[in-house]
Structures are given as structure tokens and as C-alpha cells.
Q: 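Got a structure for you, questions after.
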There are 2 protein chains.
Amino acid sequence: MASELARTPRSAAREGREKAIFEAARAVFAEFGFKGSTTAEIARRADIPKANLHYYFPTKEALYRAVTEDVLNTWLEAASSFDESTNPSEAIAAYIGAKMDMARLDPIGSRIWANEILRGAPVIGDFLETTLLDWLKSRETIVRRWIKTGKLVAIEPRYFFYMIWATTQHYADFEGQMVALNGGKPLSDAQFETAKVQVIATLLRGVLPSET
Amino acid sequence: MASELARTPRSAAREGREKAIFEAARAVFAEFGFKGSTTAEIARRADIPKANLHYYFPTKEALYRAVTEDVLNTWLEAASSFDESTNPSEAIAAYIGAKMDMARLDPIGSRIWANEILRGAPVIGDFLETTLLDWLKSRETIVRRWIKTGKLVAIEPRYFFYMIWATTQHYADFEGQMVALNGGKPLSDAQFETAKVQVIATLLRGVLPSET
DNA sequence: AGAAGAATTGACCGATTGGTCAAACTTATC
DNA sequence: GATAAGTTTGACCAATCGGTCAATTCTTCT
């Protein structure tokens, strides 16, 4: 099959080098944004000559697109954790938990996203208007159903999702601020777990009807 | 007095030109961060030759510091709206409201802050570790007192403030995402007011004891 | 072993970067 | 209206930018 030929696995060495460039690019783009990043700096962190970088990724923009689209896929995976079939508490808790874990495990991805949005989302703009909007609409429907059946207080679902996105992403994007406020040390696993539990509890209390 | 001579008011024309450069710089730094911004682009937006920009602000870094410190002062003004003397609901509502209004009225300032933190806060790092930490500690004390007197549920105050900062700042930093999800149009005043009311209500419900 | 292709790299390119400078131009003061 | 000070600006600089290229080295296959 032709498609199988196209997917012929490259040598492991090649994949390794590509990944090294990719990871270096992620770190640099996350810190300096697209314009502020240089292929020279990325190559330096990947420990290869700049010319070699351009052999694997012809342009800075191609590399940026590859990095950005990868972040997008990670986002989509986490999105599925908001499950319609479970009850509101469980669905919301699972979703917030998944997004918190994402921020903890891949803060760089979150920062790449943040930089892209700050620029006006020139690359992922289409995705926002199509896939993300569709996702949001379908989840809004679910939330509205929960509200109608008295399982949630009357809220505008959209702004509730914004709160979740804002809070979870904050733990990745503003890590620098948190470190400064934590005596120069990153949040420990225990601290992060406390934060995660509290974020879930506070947001659930904020939208669940009083138990009267 | 010598200090008075130093503060000799410059001509109104000079102040106007300085302000034009300043505003152009704010917009550019907010969009591209420090490294991604160029003095040429700032000068272009201020509609002056680049050499003239360097007459008013000798270096790109000096201009950036001026812009950043201005953002900092705005933050400090809003911080005072968290008032110890009022009850928790009012203090928290007023503070969230003030930060939401800040995000609405000065999204650029918020984005400059975000870019600075994403870079690792090289300029405002000192401020974070001193003034901001002091502010946070004193407010944590107030919140803990409220918890002890049963006016708030048991929470770690710090992570509650992070939620507030995250959510309010999100309305400025991720405006591009919200616009994409709102049919390409910015949030109307009515939409923003709804969002603001809901954010306050949800967060208050999240930390106030049930009315049983 | 040797040919063919893939990968590596130093040298280099025109464009852009932050910043300088001297000459020209305005404005205030006497 | 002459002088001095403050302001504006095009031309220019070395350094860095994204990207190219030809020469070289390494792998793979027969």
C-alpha cells in the first residue's frame, strides 16, 4: 500500500533528533513567543548547528506550526474527560482534574497556547472557531440540561468554562509568579494536590445547588 | 529646590509625544513580548522616526521598564479594593469586580504582565517577591480570620486568590479566544457584565458557608 | 567494496535588529 | 533678530535575523 510506504518508519536516530529539536522549540516558543524566538537559540538548545535544524524543519514557521498543532492535540485529549454520561459533580471534577494535571505535566504546552492567543491566534484561529466552538456548544447543551433538571444553579455555561480554563491554565502560565510567591521554590506535589482539590471543591460549591 | 528643578514640567508637546510612544510601546509589548517587539514597529505605530523614539527613551529596555512599572502601579491601585474592614462577601465581590473592570478597561496592561511572567519575570521579579508577597500575606491573614470565625469555608487563601487572579486576568489575556468563540465579535458590555456578575457569584458561593 | 542516498555543517546571503550621530530644524529668551 | 537650547531626522553601524548552499561525512544496500 502506498500509504504504508509513506509511513515507512524513519530511523530511530532521525526521530530522536527531530524530537530534540521539537522539544527545544517548545521551550523557546513558550518563553519568547513566535517573534521573540530565534532558530539559532532553538538549535543551540537542541545542541545542533542551525543549518541542521533547517534540514528537519525548513522554516521557523513550519516548526512553530508543528509545535502548536501538537499542543492542540493534547488539548483535545483532555477535552474528552468531560463526560456527558456521568453526573455533574463527577464530570466537572474529572474535567478540572484533567486540566490541572495537564498544566502540571505540560506547562510548556500551555504557555505556547497562551503566547499564541496573546498574538491573536494567527495559527490556531481556525481551530478556535470550528472545533473548539463545537466542543463548547455541545458541552453548553449538557450543562444547560443539568441546570434545567435542578442539578446545577442557573449559570451561563460559557463563563463557567472560562473560569475552569482560566484557573487551570494559570497554574502553568503563571508558574513564575507562583514560584516567586512560594519562596522561590516551585509548588511541591503536595501543594499542587491541595490546590487541585481546592479548585475542584470551590468551583463545584459555586455551581451545585445548596444541599437544603 | 533642586528636586523641584528636576521636576520642571516639560512642554505639553513633549508630554504628548512621550505618551504616544508609551502607548504604542504598550500595544507592541503586549502582543509580542519584550524580545518579539522592535523599536522600529513601536516608532511606526507612534508615527515618528525610530531615531526620535531613542531620543525620548534611550533603549528598548528603558522603554519596557517604564511600561512595565506603569502596569505595576495600576495593579497596586486595584489591590486596595480588597478591604479588610468590610465583610467577606463585600470585600471579595469588590475585589473581583475591580479586577474584572481592570481586565476590561486595560487588557493591554494585563497582557504585558502575562508576557513578563511567561518570560520568568526578569523585570518585576523583585516586586513579586516583596510587595506582592507582602500584600498576599496580609490578605491571607484576613481570610484566615474569616475562616476561623465561620464566615468562610476552610480554604487555603492563597489558592483562592490564584483563582481570582486567573479568572479576571483571563478576560484580558485570552480575549482573542473569547472573540473567536463569540462569533468573531468582542464581548458586548452586557455580556461582560453577565460574566462579571457570574464570576463573583460563583466564587462567593464557592467559599461562603451554606445558608442552612 | 563501492555506489547512492541521507544527513551534517561551516560559510555565506540579504534583511532586520537596537542603537548612534551629526546636521538640520524649532522654540524660548534676551 | 541673534543666540542658545531643545528637538527632529536620514544616514549609518555592527550584530543578529531566517534561510541557503555546496562540500563533506555517514548509512544503507547490493
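Every chain is numbered from 1, with letters handed out A, B, ... down the list of sequences.
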Q: From D/dT7, C/dT20, C/dT9, pick the nucleotide closest to the side chain of B/Ala51?
A: C/dT20

Q: Taking atom C1' of C/dT16 as reference, at what distance in whole Å does atom CZ of B/Arg44 sit?
A: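 Those two atoms, CZ and C1', are 15 Å apart.
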
Q: Between C/dT20, D/dT7, C/dG10, which nucleotide has the shortest distance from any of its atoms to the side chain of B/His54?
A: C/dT20

Q: Nearest to the side chain of A/Arg17, which nucleotide is it out of C/dG18, C/dT8, C/dC21?
A: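 Nucleotide nearest to A/Arg17's side chain: C/dT8.
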
Q: Between C/dT17, C/dG19, D/dG18, which one does the side chain of B/Thr59 approach most closely?
A: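 Of the options given, the side chain of B/Thr59 lies nearest C/dG19.
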
Q: Round to a whole Å and report the spacing from CZ of A/Phe32 to P of D/dG18.
A: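 Those two atoms, CZ and P, are 12 Å apart.
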
Q: Salt bridge or not for B/Arg26 and B/Glu23, using N-O below 4.0 Å?
A: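 Looking at B/Glu23 together with B/Arg26, the answer is yes, because their closest N to O distance falls below 4.0 Å.
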
Q: Over all strands shown, is A/Phe57 touching base, sugar-phosphate only, or nothing at heavy-atom distances under 4.0 angstrom?
A: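 The answer is nothing, as A/Phe57 stays clear of every strand by at least 4.0 Å.
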
Q: Can you tell which of D/dT9, C/dT9, C/dG18 lies closest to the side chain of B/Pro49?
A: D/dT9

Q: Any N or O donor-acceptor pair linking the side chain of B/Lys50 to the base of C/dG18 at under 3.5 Å?
A: yes

Q: Could you point out which residue of A/Ile124, A/Ile108, A/Asp173 forms a side chain to side chain contact (heavy atoms under 4.5 Å, CB included) with A/Trp113?
A: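 Answer to the side chain to side chain contact (heavy atoms under 4.5 Å, CB included) test with A/Trp113 among A/Ile124, A/Ile108, A/Asp173: A/Ile124.
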
Q: Give the rounded distance in Å between these two atoms: CD1 of B/Ile21 and P of D/dT9.
A: 11 Å

Q: Could you tell me the separation between the CG atom of A/Asp47 and the P atom of C/dT9, rounded to a whole number of Å?
A: 9 Å

Q: Think B/Tyr55 has a side-chain N or O under 4.0 angstrom from the OP1 or OP2 of C/dT20?
A: no

Q: Is it the case that A/Arg139 places NZ or CZ above or below the six-membered ring of A/Phe82, under 6.0 angstrom from the centre and within 45 degrees of the axis?
A: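 Here A/Arg139 fails the 6.0 Å and 45° test against A/Phe82.
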
Q: Looking at the side chain of A/Lys60, which of C/dA7, C/dG18, D/dG18 is the nearest nucleotide?
A: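 The closest nucleotide is D/dG18.
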
Q: A/Gln169: which residues meet the side-chain hydrogen bond (donor to acceptor under 3.5 Å, both in side chains) condition with it, sequence neighbours left out?
A: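 A/Gln169: side-chain hydrogen bond (donor to acceptor under 3.5 Å, both in side chains) contacts with A/Ser110.
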
Q: D/dT7 C1' sits how many Å from B/Glu18 CD, rounded?
A: 13 Å

Q: Less than 4.0 Å between a side-chain N and a carboxylate O, is that true for B/Arg119 and A/Glu31?
A: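 Answer for the salt bridge query: no.
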
Q: Can you tell me if the side-chain N/O atoms of B/Thr39 get under 4.0 Å from OP1 or OP2 in C/dG18?
A: yes

Q: Whole angstrom is fine here: how far is it from CG in B/Asn52 over to P in C/dG18?
A: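 Rounded to the whole Å, the gap is 16 Å.
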
